[in-house]
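Reviewing the structure listed below.
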Amino acid sequence: WRFGATARVMLFGIPARYKENNVMTLLRSVELPKEAFCIDVPLRSSSKHKSKQGRGYAFVNFCDASWADECYRRLHNTVDHRTNKMIQIRPGNSRLLEDDDLDQDSLTVSRSKTK
């Protein structure tokens, strides 16, 4: 699977508590150079938590599509040893997730809302 001209990927299945520094650590753990990417972790405010929490996914913009391919090769369907969660890599130009598409307890995509 190739990303082609796309240099933006979505890391899905990361813990909601992950922020940019955690995603950076994850990417660096598979030896992706920090100069090759920029991270965006969408946050939401929660009445349960005093701090903002992530949504269980992050966007990574790569300076070159070959790094996006490499990210896919190194991380897709791997298990984060710190959390035991499976990480999936998706093209970042796919339909963005809306709040209504998420099961707020498990932060997984609702099957009834996917196409």
Check for me, please, whether [X] and [Y] land in the same ILVMFWY cluster - side-chain distances under 4.5 Å, paths through other members count.
X: Met86; Y: Val9; value: no
X: Val30; Y: Val41; value: yes
X: Val60; Y: Leu43; value: yes

At what distance, to the nearest 0.5 angstrom, does [atom1] of [X] lie from [atom2] of [Y]?
X: Leu32; Y: Arg73; atom1: CG; atom2: CZ; result: 9.5 Å
X: Leu75; Y: Asp80; atom1: CG; atom2: CG; result: 9.0 Å
X: Ser29; Y: Met24; atom1: OG; atom2: CE; result: 12.0 Å
X: Gln53; Y: Arg17; atom1: CD; atom2: CZ; result: 9.5 Å
X: Gln88; Y: Met10; atom1: CD; atom2: CE; result: 9.5 Å
X: Cys71; Y: His76; atom1: SG; atom2: NE2; result: 11.0 Å

Side chains of [X] and [Y]: closer than 4.5 Å at any heavy-atom pair?
X: Lys85; Y: Tyr18; result: no
X: Ile39; Y: Asn61; result: no
X: Thr83; Y: Ile14; result: no
X: Trp67; Y: Pro33; result: yes

Open item on the list: Checking Asn77 against Tyr72: is there a side-chain donor and acceptor pair closer than 3.5 Å?
Closed with: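 Judged by distance alone, the side chains do not pair up.
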
Open item on the list: Is there a side chain to side chain contact (heavy atoms under 4.5 Å, CB included) between Cys63 and Phe37? Walk through the geometry before answering.
Closed with: CA-CA 6 Å; Cys63 62; Phe37 56 83; over 6 Å; no

Open item on the list: Tell me if a side-chain donor or acceptor on Arg74 pairs with a main-chain N or O of Glu31 at a distance below 3.5 Å.
Closed with: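 Judged by distance alone, yes, a pair lies under 3.5 Å.
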
Open item on the list: If I compare all heavy atoms of Ala65 with all of Ala7, which pair ends up nearest, and what's the gap?
Closed with: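 Answer, listing the atom of Ala65 first, then Ala7: N-CB, 4.1 Å.
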
Task: Atom of Ala58, atom of Pro42 and distance for their closest heavy-atom approach - done: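 Closest heavy-atom pair between Ala58 and Pro42: CA-CD, 4.3 Å.
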
Task: Trace of the side chain to side chain contact (heavy atoms under 4.5 Å, CB included) decision for Leu11 with Ile89 - done: CA-CA 5 Å; Leu11 274 66; Ile89 309 296; 3.8 Å; yes

Open item on the list: Angle between ring planes, Tyr57 versus Phe12, binned at 30° and 60°: parallel, tilted or perpendicular?
Closed with: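 Plane angle under 30°, so parallel.
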
Open item on the list: Check for me whether Arg8 meets the cation-pi criterion with Phe59, that is, NZ or CZ under 6.0 Å from the six-membered ring centre and within 45 degrees of the ring axis.
Closed with: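 That pair qualifies as a cation-pi contact.
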
